Structure formats: structure tokens, C-alpha cells
Amino acid sequence: MSTSEPSNAILLFRDDLRLSDHPALTAAAQSGQCLTCAFILDPNAPYPPGGARRWWLHHALNALTAQLADLGGKLVLRTGATADVLADLRKETGATHIYWSRRYTPDEIASDTALKADLTAAGCTVQSHPGRYLLEPWRVTTKSGTPFKVFSPFWRASRDEIRAVGLGDPLPVPKNITFADEVATASLEDFDLLPTAPNWAKGFEALWHPGEEGAMARLDAFLEEGAQGYAKGRDFPAEPHTSRLSPYLQSGNISPRQIWAALDRAEHLGQMSGRDAEKFRAELGWRDFAAYLLFHNRDFEDTEFQPKFRSFPWRHDTDALIAWQRGQSGYPIVDAGMRELWQTGYMHNRVRMVVASFLVKHLRIDWRAGRDWFWDTLLDGDLASNAASWQWVAGCGADAAPYFRVFNPMTQAEKFDPDGGYIRQYVPEIAALPDRYLAAPWKAPEDVRAKAGVEIGRTYPAPMVDHATARRAALEAFESLPSPGDDLV
DNA sequence: GCGAAGTTGCA
DNA sequence: GCAACTTCG
């Protein structure tokens, strides 16, 4: 390029709300073009975020606006159809180039592909960059060239690839970004992303600090407080061995590569054992794997990966679904989890499995109902991870827990919340019970319950189903599924 | 085509 | 032990 006048470009932010380790932003900055940074709230965008994520988005956009202001720039907010808004912005700024971070879900790929084709036809150059995952989903395959269906070999191959090629160093915040002349922007309030009447997100504010700075603080805090002993401690919801980085990853307030680099540092400094660090890396691997599965199986989000499950006799029971959603199942570990979700926008990983197993197996309610509730209430709600995890629990996924594996909500509570710290926090109405009765309060002797002020069916619900009965019913329903040979007979 | 392996459990 | 089945090398 040898023009005397620099051209103009647009950096379109989406699920990549950060300035560091942002390949698209770095490329845009290095091009020397005058940059307009924009975020479009498109009411018709695929997979609109749920309520919790809208709250996050509001605060993350606020943080990004402040970061850009520090650099002398601005974040332009617009509402409307992405194609129309981009056309407007191109007219207003004279931009000839658009940079964005690649997206990987089926409808987003379709949407971005179409958009790119139209823009290109209109004479605009579109550059899409990676950054959301450790590896692009086409990087590893089986020896025969097909996509992996099982995590372990997928991760072995990915791990080898990372060892051999490396991820590259995380990029710094680009220096010397030249910002284009300002154009009009909506106000963040116009986006109307925050809940009102009631403001159910009140409990979020003390816990979460959306934005890149908040992500770095969370990462540092985890490395200080929770990283050592992660591999074992991660299973105990009352302990601080969870990173809570997932909402930051989801919004792109931090990249997996930045976390990977921090793990390497922590391991070198002895802040984290090799085992702990490797375990955490594998969790990033699960995140990649979910995206990989969805990328290679377009209907994975909505359809059972194992065809025989597509005829499973799910129960339709709205009352039961509501009791589950509200944390009124009568099983304290399940209720604690569902209330943690509602109050904080997050749920501990171990407890996610327990509550999901309860919905799908004890209640035999369609996993898609659970998926939808999680989508709406989780700050880290992610299309691929959500579907992959629900399918895993339901037993219908690629590499799923066998269906006959039914989590026992009492045993799980005793094992992973032995002191009842987690249950007491979220189910305070039974907090005065001795530890040994917290997993199944209805089993406590009458006088013990009376002393703790617990009256089953009044101060705390009776278990909505009997565990042993529900377990048998679930196994029976499973038996009714066709086995592979059946259709040959 | 063979053998080993397959996140997280339960009774 | 559980039920068998698929994946992957």
C-alpha cells in the first residue's frame, strides 16, 4: 500500500471484550489504519444471550469503553441488524477494512460467512482472526482424518500439537492505535441490558467484576488462593479451588492463551504443582473440545449425539421443572446448587453435574429444559459447553457418562460437602442441623429437627422424589431404548 | 481387524 | 460387578 492518506478500518467487538491478546485488534493497529471500535447489539443475532449474560455484557462494555478512553479512543455502540449498521459505519467513517475475531457456532459461522461475502462484494476487506480457543477446531483429527469423538485422544493430540508448535506468546495491548474521527454512538443505557423490577442481579455485584481488569484480578486471586491443590480441591464447592474464570472467558475478557501462559508461570514459580497446572489445562481443553464437537456436528446443540436417545421418553412436568429451577427439590445439595445459580449467576462444577443428573434422571425431564435454564441464568452460558455438558450428563453425548450412572444427591453431598459449608450457605433454613443430617434432613430424628427449627414440608420441602424409586424408574426408561441390533431384527 | 480405553458412580 | 458399545491407534 502506498497511499499517502491512511485508510480507515472498523474493529468489530463481539465475544472478545478485551484489548490484550486480541489478534484482530493487534492486526488492525499494526495496519496503521485509523480505527473505529464498535459493538453492535443486534436483536436478530443468533443465540441471543440470556438475562445473566446481558447483565455481564452491560458491565463489560462499560469497562471496555473506559479502557479505550484511556487510550484516547471510543467504543461506538449501535443497535440494529449487523449488516445495516456496518453499512452505516462504513459510510460514516469511510472504512475499507473490517477486523473481527472468528466465531465458531453454526449460526454464527453462517452469519459471519454471509456478512463477509457481502462486505467483500461491496469492496470491503474483512479479516477474521482467532483468539477464542487454544486451537482452531480443525487443527487436530484422528489418524484417519475424522474429527475426534472422545475427549482423551482429542486432548492428547491437542496437547501434542501445543507442545510441538506452541500457542505463541499472548499479545500485549497494542501501542499507538490511531483512532478514527468520532462518529455517533448510542448510550449503553439504550441497550437496556440490566434487569429492573426486580433487579435479580443485585447479588452479582459483590462477586463479579466484568471486564478485562476484573479478569486479571480474578486470575491473580485464583493463582494466589486456589491454584495450589486445584486437582483435588476443585471438587469441593465450599473450598476456594475454583478459578471462576468462565464468565470472563465467555465474554472474552480474557483469552485461554493468557490463562495458559499464567499457568506456565505459576508452575515455574512453584505456585502450582505440575499436576494442578495440567489438570487446569485439561479444563481449558474441555472448553475447546465442546466447541470442537459443535463445530464438527452442527446439530449437537439441539440433538442427541447418540441417535438411540432421540426416542427417549422424557417426562413433561412443569411443576417439577419449576421446583428444580427454584431450588425446592428437597435435596439440599441440589437446592444449594440451583440457588447459587440464581443468586450468583454461577454454579460450582461438581454441583452442576449433580443438579443436571437430578433433572435428567431423577425427574426424567428433557436435558434441553435444563440447558435452557442454564443458558438464561449462567453468566458463563456458552452454547457449545452447555450442550456438551448436558449431553454428557444425560448420557446421550459423544463420550458421555453411561446412562445408568445416576448421581446420588445424598452421597454426593456427604462426599463433597462433608462439613456442609456449601449447603448451609445456600439452604440456610436447615443450617442449624448437625453436619450428618445436612445431606438428607428428613432422615434426622424428630427431636433433632425440632431443635434446629426444621419442619419438613413447611420450613424446607420434603424430597420431591424418592431416590431409590426414581433411580429404578430412570434405569427402566433407559432399558426401553433401542439397542444397536434391534433394527436389524 | 484387534485390543485397550473410555472425566467426575452406585449399590 | 454393572452392559454393552464405540472410538482410536
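Numbers restart at 1 for each chain; the letters A, B, ... are given by sequence-line order, proteins then strands. What you are looking at is a predicted structure, and each value in this text was computed from that prediction instead of being measured. Note: hydrogens, waters and symmetry copies are ignored here, and every other heavy atom, side chains too, is used.
- Y133(A) places no side-chain N or O within 3.5 Å of a backbone atom of P256(A) that could act as its donor or acceptor partner.
- Checked by distance alone, W392(A) brings no side-chain donor or acceptor within 3.5 Å of a matching partner on the base of dT7(B).
- In this structure, CG of D399(A) is placed 9 Å from P of dC8(C), rounded to the nearest angstrom.
- Contact annotation: H467(A) side-chain N/O to dC10(B) OP1/OP2 distance is not under 4.0 Å.
- Side-chain nitrogen and oxygen atoms of K143(A) include none within less than 4.0 Å of the OP1 or OP2 phosphate oxygen of dG9(C).
- For the P atoms, the distance from dG9(C) to dT7(B) is 13 Å, rounded to whole Å.
- Atom C1' of nucleotide dC10(B) and atom CD of Q412(A) are separated by 10 Å, given to the nearest angstrom.
- Side chain of F404(A), nearest nucleotide from dC2(C), dC10(B), dT8(B): dC2(C).
- Closest approach to the T411(A) side chain among dA11(B), dC8(C), dG9(B) is made by dA11(B) (side chain taken as heavy atoms from C-beta onward).
- Between R287(A) and L249(A) there is a side-chain heavy-atom pair separated by less than 4.5 Å.
- A close approach under 4.0 Å does occur between a side-chain nitrogen or oxygen of N408(A) and OP1 or OP2 of dA11(B).
- Regarding contacts with the backbone of dC2(C), every side-chain N or O of R471(A) stays at 4.0 angstrom or more from both OP1 and OP2.
- Here F148(A) does not lie in a stacked arrangement on the base of dT7(C), lacking the combination of planes under 30° and ring centres under 5.5 Å apart.
- The nearest whole Å value for the distance from the CG atom in D160(A) to the C1' atom in dC8(C) is 14 Å.
- Taking the P atoms as reference points, dA5(B) lies 22 Å from dA3(C), given to the whole Å.
- For the P atom pair drawn from dC5(C) and dG9(B), the interatomic distance equals 24 Å after rounding to whole Å.
- A cation-pi arrangement is present between R14(A) and W100(A) under the rule of less than 6.0 angstrom and at most 45 degrees off the ring axis.
- Atom P of nucleotide dA4(C) and atom CD of Q306(A) are separated by 16 Å, given to the nearest angstrom.
- Looking at R139(A) and E161(A), a side-chain N of the basic residue comes within less than 4.0 Å of a carboxylate O on the acidic one, giving a salt bridge.
- A cation-pi arrangement is absent between R326(A) and W342(A) under the rule of less than 6.0 angstrom and at most 45 degrees off the ring axis.
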